[in-house]
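Remarks on the structure that follows.
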There are 2 protein chains.
Amino acid sequence: MLRQTGPVANPPAGGCPPTTRRPSPIAPVPRPARATRRPTLADVAAAAGVSASTASLAFSGAGPVAVATRERVLAAARGLGYAGPDPTAASLRRGRSGVVGVVVGERLRDAFRDPYVATLLDGVVDALAGEGLAILLLPMTHDLSGAPAEQYRTAAMDAVVFATGGLPDDPALAVVRDRGVPVVSIEGPDVPGASLVRVDDRTGSREAAEHLLALGHERVAVVTMPWRLDGHEGALGSRRRRLRGFADCTARLAGVEDALRPVAVHECATNAVEHGRRAAHAVLADPAGPAGRGRPTAVVAQSDVLAAGVVQACGELGLAVPGDVSVVGFDGVDLPWLRPHALTTLVQPVADKARATADAVLGRLGGGEPTDVTLPVHLRTGTTTGPAPGR
Amino acid sequence: MLRQTGPVANPPAGGCPPTTRRPSPIAPVPRPARATRRPTLADVAAAAGVSASTASLAFSGAGPVAVATRERVLAAARGLGYAGPDPTAASLRRGRSGVVGVVVGERLRDAFRDPYVATLLDGVVDALAGEGLAILLLPMTHDLSGAPAEQYRTAAMDAVVFATGGLPDDPALAVVRDRGVPVVSIEGPDVPGASLVRVDDRTGSREAAEHLLALGHERVAVVTMPWRLDGHEGALGSRRRRLRGFADCTARLAGVEDALRPVAVHECATNAVEHGRRAAHAVLADPAGPAGRGRPTAVVAQSDVLAAGVVQACGELGLAVPGDVSVVGFDGVDLPWLRPHALTTLVQPVADKARATADAVLGRLGGGEPTDVTLPVHLRTGTTTGPAPGR
DNA sequence: TTGTACGCGTTATCAC
DNA sequence: GTGATAACGCGTACAA
């Protein structure tokens, strides 16, 4: 691969694929000859015949400058090809980078494909961008020795947001906290000193379970999001449940169990349609049911994405939804391709969640104490739940 | 919304929602009392009884340091709660921020939901992270006066990648180039001085069209991705085509027209399933066809996401795929929920594209000239294309 | 192997 | 409204 097939406009010499050994990209940049170095604010000031401080004010607008002076400075800048103050130097001086790190699930590929994540991230980015803050994307990682983890240590960040949950024992979290960087987490990790934004997962899930009970369902299976980040897939046993899981996953399961006793709890390795589908096959394929006490008549999935996979699997298994199996999701995202089905689901206020996250970040940046916000969810009844068979 | 409903572990005072007026988050951080300020490398050096330069070497490993000395330094650091060199100061000194800006389509929400984009981004992030480079997410924007656009001017970046295409006349592009920041673009903008990574859109699309011709199709409609970023939707007329469009969009259309003359060219406002669906309704609903010369028997969509929407619409219109209408996509992403259909599509080597992008970035960072790479695509025949009706 | 000296480019503070 | 000065915290020639 990487064949050059098309027209090559620029000198391809040394292009991709790269030569054997290249210097590290963050190696120091060679000191350029005096003649070619980029102009600095001091150069501009000199050219405009003002002091560096005045030139600085002309750009930042942080103090009074005569209009004529400012014009002169800007003109000088244009003349020298000066594109504005150096961000790094400004950051050093101000003590702020203007950057917020956002941690998202290990494989971006999977994380982004969840409309909930995409929408949430969109909202967070939007809100923070509106405040002049840029977003640094931090892939979640176990392995603190790898190069990617280096960023947790060495990237300039004013705050870090754990956007898709995190475990209290995440080593990356420790690194960030040791640096003294404020942490805001969405649905976890719930640790002292971190601001927390979440929805009422437990109550919502209980309502979903009660909805099914009211419809006469007695055999309910739960399909969960990943409990931890280790790729485990299959029945979620008590041994594993004793390990601390992701907060949302844990709370949603607890909510269901507040109302009923599931006949099966199946964990997915990833929050993806395909895994929901596989989970449903595991739980619904056998007419005798996973526990030998009959096939579940309802499935509570911990996300809409997983629920969609369950609905799809039902089609493949020849099970009618909701005639044979009722399906409930969580998130309330739009899944246009699920038509004509409309998922019964717990709608979270994603936009509010994003806004609350941005506010939490701004609060910490402003010197405020960590905050803790819980937003409500509500059950939206769609077409995927109905009376239990035979009722 | 934003009601505090759950338990509030931390002092909620002044939390979210925020009080009326907060200071800008990138305002200078108040000078802390001498006693509480975070320790610096100099402090650590003093505590360890070595010079600052030695302490620096102990952390960076950029020079020889006696093991015992290093231990002493690290111990002193631990004792002082020093978490490592300040990233901003290090960046200033090195002249490199270790950050690469990545520009993605205007609404992240939509962009991320395209599996092609998610996979591409995943690959780019992965490859760059492996080189110690972090990713700054830059939402594409028209409006250079808004706060989000400020980032193009003021964020510290060693390079910028336009990941989802860009227009040569994008003002944000101009800002970045004026700063002297190297640009790498994927499928455009194709401008002098920028490295370009793309696939052979035109040839691929021609092959798709030829595939349909070979199957006997005579009335072929094209459903395009957005031509420009202005939310336009509907027939892509010649007036609009005279405006410069996104490179991939333009090339894919040209490729089809190299082989045949479409009976309709319908532009979508966004590269989303829902818009593909709407486009298909517009083009296929009328049995007389959009041009009055009969309903198209095939649709070439410029992305798999759009193609999926077309397939869905066919179901809604009671048209069999491929019995009544054949559908071709572009990208070769997996769309598990499209089962039992398997899209006929042009498969792009997304992973190679990501790798090539990372290489292009590294090349520029290493002082290399801009490069230009074109990767091949290949037609993968699925179950959504078949002989034209009546053949 | 370690220390000295300097500069990276900017901005806050204060005096004028 | 403008200018001088002093950091911001660190990396790196170079000398010792």
Side-chain angles (χ1 to χ4, degrees), chain A residues 24 26-32 34 37-46 48-73 77 80 82-98 153-154 156 158 179-180, chain B residues 23-24 26-32 34 37-46 48-73 77 80 82-98 153-154 156 179-180:
Chain A
S24 167
I26 43 176
V29 51
R31 197 62 157 355
R34 210 75 181 151
R37 77 169 228 282
R38 292 192 75 77
T40 76
L41 189 54
D43 298 331
V44 174
V50 298
S51 77
S53 12
T54 303
S56 175
L57 293 184
F59 278 100
S60 71
V65 180
V67 224
T69 314
R70 149 178 287 137
E71 286 308 330
R72 207 143 35 89
V73 172
L80 289 169
Y82 177 77
D86 178 272
T88 308
S91 293
L92 176 59
R93 184 56 245 237
R94 293 204 236 245
R96 289 249 129 113
S97 65
R153 263 186 265 284
T154 64
D158 296 338
R179 280 179 59 182
Chain B
S24 167
I26 44 177
V29 50
R31 198 60 157 357
R34 212 74 180 151
R37 79 169 225 281
R38 293 191 74 77
T40 76
L41 189 55
D43 299 329
V44 174
V50 299
S51 78
S53 51
T54 302
S56 174
L57 294 184
F59 278 100
S60 71
V65 180
V67 224
T69 314
R70 147 177 290 139
E71 286 309 330
R72 205 142 35 86
V73 172
L80 289 169
Y82 177 78
D86 179 272
T88 307
S91 293
L92 177 59
R93 189 57 248 240
R94 294 204 233 245
R96 289 249 130 113
S97 63
R153 262 187 265 284
T154 63
R179 281 179 59 183

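Proteins get letters first, then strands, A, B, ... in listed order; numbering begins at 1 in each.
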(request) Verify, without hydrogens or angle tests, whether B:R72 (side chain) and B:A48 (backbone) share a donor-acceptor contact under 3.5 angstrom. (result) yes
(request) Would you please confirm or rule out a distance under 4.0 Å between OP1 or OP2 of C:dT11 and any side-chain N or O of A:S56? (result) yes
(request) Starting from C1' on C:dT10, measure out to CZ on A:R94 and report it in whole angstrom. (result) 9 Å
(request) Starting from P on C:dG7, measure out to CZ on A:R38 and report it in whole angstrom. (result) 22 Å
(request) Could you tell me the separation between the CG atom of B:D86 and the P atom of D:dG11, rounded to a whole number of Å? (result) 9 Å
(request) Assign each of B:R93 and B:T54 to its nearest nucleotide of DNA chain C by heavy atoms, then name whichever residue's nucleotide is nearer the 5' end. (result) B:T54
(request) Respond yes when some side-chain nitrogen or oxygen of A:Y82 is under 4.0 Å from OP1 or OP2 of C:dT10, and no when none is. (result) yes
(message) Taking only side-chain N and O atoms of A:S53, does any of them lie within less than 4.0 angstrom of OP1 or OP2 on D:dG3?
(response) no
(request) Write down the distance between CZ (A:R96) and P (C:dA12), rounded to a whole number of angstrom. (result) 13 Å
(message) Just N and O in the side chain of B:T69: are any of them under 4.0 Å from OP1 or OP2 of C:dT2?
(response) yes
(request) Look up atom OG1 in B:T88 and atom CZ in A:R96, then write down how far apart they are to the nearest 0.5 Å. (result) 11.5 Å
(message) Check this one for me: any side-chain N or O of A:S91 less than 4.0 Å away from OP1 or OP2 of C:dT10?
(response) no
(message) Looking at D:dG3, I'd like to know if its phosphate oxygens (OP1 or OP2) sit under 4.0 Å from a side-chain N or O belonging to A:S51.
(response) yes
